[in-house]
Amino acid sequence: MEANYLQKISPRFEYPVVFTRGLFAPGDDTLRAVLEPRVEQRPAPALVFVDDGLLSHYPSLMKEIACKLRAESRWLRLAADPIPVPGGERIKNDYRLIMSVVDACLEYRLCRRSLVFAVGGGAVLDAVGFAASIVHRGLRIVRLPTTTLSQGDSGVGVKTGMNLHGGKNTIGTFWPPFAVINDLEFLTTLSAEHWISGVAEAFKVAVIRDSAFLDFLCERAPDLRARNEAVMHQVVMRSARLHLEHIRLSGDPFEMGDGRPLDFGHWLAHKLESMSGFRMTHGHAVSVGLVVDLTYAALQGWITMSERDRVVRALSQCGLPVSSPLLLERHGDGRLRVLDGLAEFREHVGGRLVLIYPDGIGRIRLVYEVDEDLLEQSLRGQALISD
Ligand SMILES: NC(=O)c1ccc[n+]([C@@H]2O[C@H](COP(=O)([O-])OP(=O)(O)OC[C@H]3O[C@@H](n4cnc5c(N)ncnc54)[C@H](O)[C@@H]3O)[C@@H](O)[C@H]2O)c1
Ligand SMILES: [Zn+2]
């Protein structure tokens with residue numbers, strides 16, 4: 001051995017996460033206030049990719065974005081008009097769509113100091129973020145999330161992804177954003193299904209991290225279903241804060257170690273999404289995943305059956321699904337198909353299987369072995385309320 005180094009590096013990432021309203025309204029200067037001080041090379045070339053699901057609700061959005069950003073010519077140079085991209089899981093399922101984002105970044109000669117704006121739901125943020133992360137080994141991505149789920153969870157985190165080989169997020173990168181700006185006004189136009197999807201992730205993080213927040217969610221479930229905006233804004237912001245705290249304080253932002261607490265309920269959610277041909281939304285699948293894992297935790301005695309029932313009832317009161325016919329689909333040999341999700345999750349995470357369960361409300365238990373009989377019981381009994 002002529003030389004032996006233990007190389008250690010700790011790259012530092014810092015990004016502002018802002019909640020606001022009316023980001024593109026004339027006179028609003030949030031974009032400038034958040035971004036200008038962080039841009040060293042002026043004017044920074046920029047491209048904007050916009051979720052096409054927004055366009056029917058906001059017919060003048062493309063013009064408003066272009067107008068707003070062109071007015072910032074002191075520090076930003078819009079390289080082209082905003083570019084629409086397919087919204088929802090469609091974009092994550094088709095690598096050609098991702099490559100078209102890569103192509104645009106190269107065609108307009110963006111560099112590592114340029115800004116790529118992604119405006120839309122979690123799927124568009126994941127897909128555009130992934131494309132940006134591989135161009136020149138990483139362009140700066142500014143996320144403008146427009147759904148409850150992306151404002152309260154996916155948009156504020158450090159991951160990108162797309163679906164290949166029929167699996168969820170089989171390709172992706174850890175690539176922290178340059179900034180995240182959430183405009184709460186976008187939430188008003190979401191369909192009922194997507195309005196409530198983000199609430200499932202809020203329940204997820206509340207059950208394992210914050211019992212007071214769980215109380216709030218259970219109390220306000222009917223308001224959330226009735227589209228009470230003030231309550232939803234509180235839910236989204238508190239959920240975002242808990243996700244940010246986890247990523248900042250866990251000591252494992254890039255998920256190298258065992259156990260990913262934010263994946264509570266997700267081994268099953270990802271499987272249900274792919275079994276449904278991605279017709280089931282991520283949030284709906286998470287809700288069913290939570291119910292099954294809460295049932296398993298209650299059967300194991302890690303939480304009480306009445307704690308489990310309270311959450312199941314609240315999820316249902318919000319309008320989230322608490323069961324799915326997919327749970328009891330079987331292979332020819334009689335084995336439940338969803339159980340394949342355990343092996344797929346282990347492969348995705350790497351190393352041995354580690355599942356996340358609550359250990360009492362607000363605490364986490366890492367579990368390395370699954371009792372398949374109990375799990376099957378949980379899958380059968382997921383929707384039942386015991387009292
Ligand atoms: N990267 C992460 O850490 C992470 C975490 C959680 C979830 N995710 C991913 O996020 C995705 C789900 O995101 P989502 O729940 O935002 O759904 P989505 O991105 O699929 O968007 C839902 C639908 O709403 C439309 N839409 C977006 N904004 C709208 C608005 N303001 N008004 C009306 N329609 C609007 C979209 O076009 C789409 O059809 C999944 O792919 C999931 O895997 C990623
Ligand atoms: Zn999720």
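Atoms within a ligand are numbered from 1 in the order they appear, just like the ligands themselves.
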Quiz item: Under 4.0 Å from any heavy atom of T147, which atoms of ligand 1 are there?
Solution: 14 (P), 16 (O), 27 (C), 28 (N)

Quiz item: Under 3.5 Å between some N or O of ligand 1 and some N or O of K159?
Solution: yes

Quiz item: Where do L54 and G120 come nearest, in terms of heavy atoms and distance?
Solution: CD1-CA, 4.2 Å

Quiz prompt | Residue and atom name of the nearest protein heavy atom (relative to atom 38 (C) of ligand 1), distance in Å to one decimal | solution = G88 N, 3.7 Å

Quiz item: K168 pairs by side chain to side chain donor-acceptor pair (under 3.5 Å) with which of H270, E89, H266?
Solution: E89

Quiz item: For ligand 1, which atoms have a heavy atom of E89 less than 4.0 angstrom away?
Solution: 40 (C), 41 (O)

Practice problem: Output the list of atoms in ligand 1 that are nearer than 4.0 Å to some heavy atom of K168, sorted by atom number. | Solution: 40 (C), 41 (O), 42 (C), 43 (O)

Self-check item: Cluster link L139 to M99, ILVMFWY, side chain under 4.5 Å
Solution: yes

Exercise. Check whether the side chains of T30 and D28 place a donor and an acceptor atom closer than 3.5 Å, and report yes or no.
Key: yes

Quiz item: Charged N to carboxylate O under 4.0 angstrom, K271 versus E329?
Solution: no

Quiz item: Looking at atom 1 (N) of ligand 1, what's its closest protein heavy atom, distance included?
Solution: D126 OD1, 2.9 Å

Quiz item: Is the number of heavy atoms from other residues, nucleotides or ligands within 6.0 Å of CZ (F174) greater than 12?
Solution: yes

Exercise. Work out which heavy atom in E14 is nearest to a heavy atom in R38; give both atom names and the distance.
Key: O-NH2, 3.0 Å

Quiz item: Would you say D153 has an N, O or S atom lying under 2.8 Å from the Zn ion (ligand 2)?
Solution: no

Quiz item: Which one of D183, D153, L190 has a non-hydrogen atom at the shortest distance from atom 35 (C) of ligand 1?
Solution: L190

Practice problem: Write out the residue and atom name of the closest protein heavy atom to atom 28 (N) of ligand 1, then the distance separating them to 0.1 Å. | Solution: T146 OG1, 2.8 Å

Quiz item: By number and element, which atoms of ligand 1 are closer than 4.0 Å to a non-hydrogen atom of L54?
Solution: 28 (N), 29 (C), 30 (C), 31 (N)

Quiz prompt | Angular separation of H266 NE2 and E201 OE2 about the Zn ion (ligand 2), given to 10° | solution = 120°

Quiz item: For atom 11 (C) of ligand 1, which protein heavy atom lies nearest, and how many Å away is it?
Solution: A123 N, 3.5 Å

Exercise. Measure the CG-CG distance between L149 and L187 for me, rounded to the nearest 0.5 Å.
Key: 11.0 Å

Quiz prompt | Identified side chain to side chain contact (heavy atoms under 4.5 Å, CB included) partner of H243 from the options R209, K204, R238 | solution = K204

Quiz item: Relative to the heavy atoms of G122, which atoms of ligand 1 are at a distance of less than 4.0 Å?
Solution: 10 (O), 11 (C), 13 (O), 14 (P), 16 (O), 19 (O)

Quiz item: Any N or O on E201 sitting closer than 3.5 Å to an N or O of ligand 1?
Solution: no

Quiz item: Would you call the rings of F186 and F24 parallel, tilted or perpendicular, where under 30° means parallel and over 60° means perpendicular?
Solution: perpendicular

Quiz prompt | Nearest-neighbour protein heavy atom for atom 24 (O) of ligand 1, which is reported as residue plus atom name and distance | solution = H194 ND1, 3.9 Å

Quiz prompt | Of the listed options S154, G155, A200, closest to atom 6 (C) of ligand 1 (non-hydrogen atoms) | solution = S154

Exercise. May I ask you to list the atoms of ligand 1 that are less than 4.0 angstrom from any heavy atom of H57?
Key: 33 (C)

Quiz item: Considering all heavy atoms of both residues, which atom of T146 and which atom of S150 are nearest to each other, and what is their separation?
Solution: N-OG, 3.5 Å

Quiz item: Do ligand 1 and F186 have nitrogen or oxygen atoms that lie under 3.5 Å from each other?
Solution: yes

Exercise. Mark up the atoms of ligand 1 that fall under 4.0 Å of a heavy atom belonging to K92, in ascending order.
Key: 9 (C), 40 (C), 41 (O), 42 (C), 43 (O)

Self-check item: Heteroatom proximity flag, T189 to ligand 1, N/O under 3.5 Å
Solution: yes

Quiz item: Any idea which atoms of ligand 1 are less than 4.0 Å away from a heavy-atom of D51?
Solution: 27 (C), 36 (C), 37 (O)

Quiz item: Around atom NE2 of H331, are there more than 12 heavy atoms of other residues, nucleotides or ligands at under 6.0 Å?
Solution: yes

Quiz item: Which pair of non-hydrogen atoms, one from L214 and one from V207, has the smallest distance, and what is that distance?
Solution: CD1-CG2, 4.0 Å

Quiz item: Nearest protein heavy-atom contact for atom 15 (O) of ligand 1: which residue, which atom, what distance?
Solution: L149 CB, 3.3 Å

Quiz item: Any idea which N/O/S atom from H282 gets closest to the Zn ion (ligand 2)?
Solution: NE2

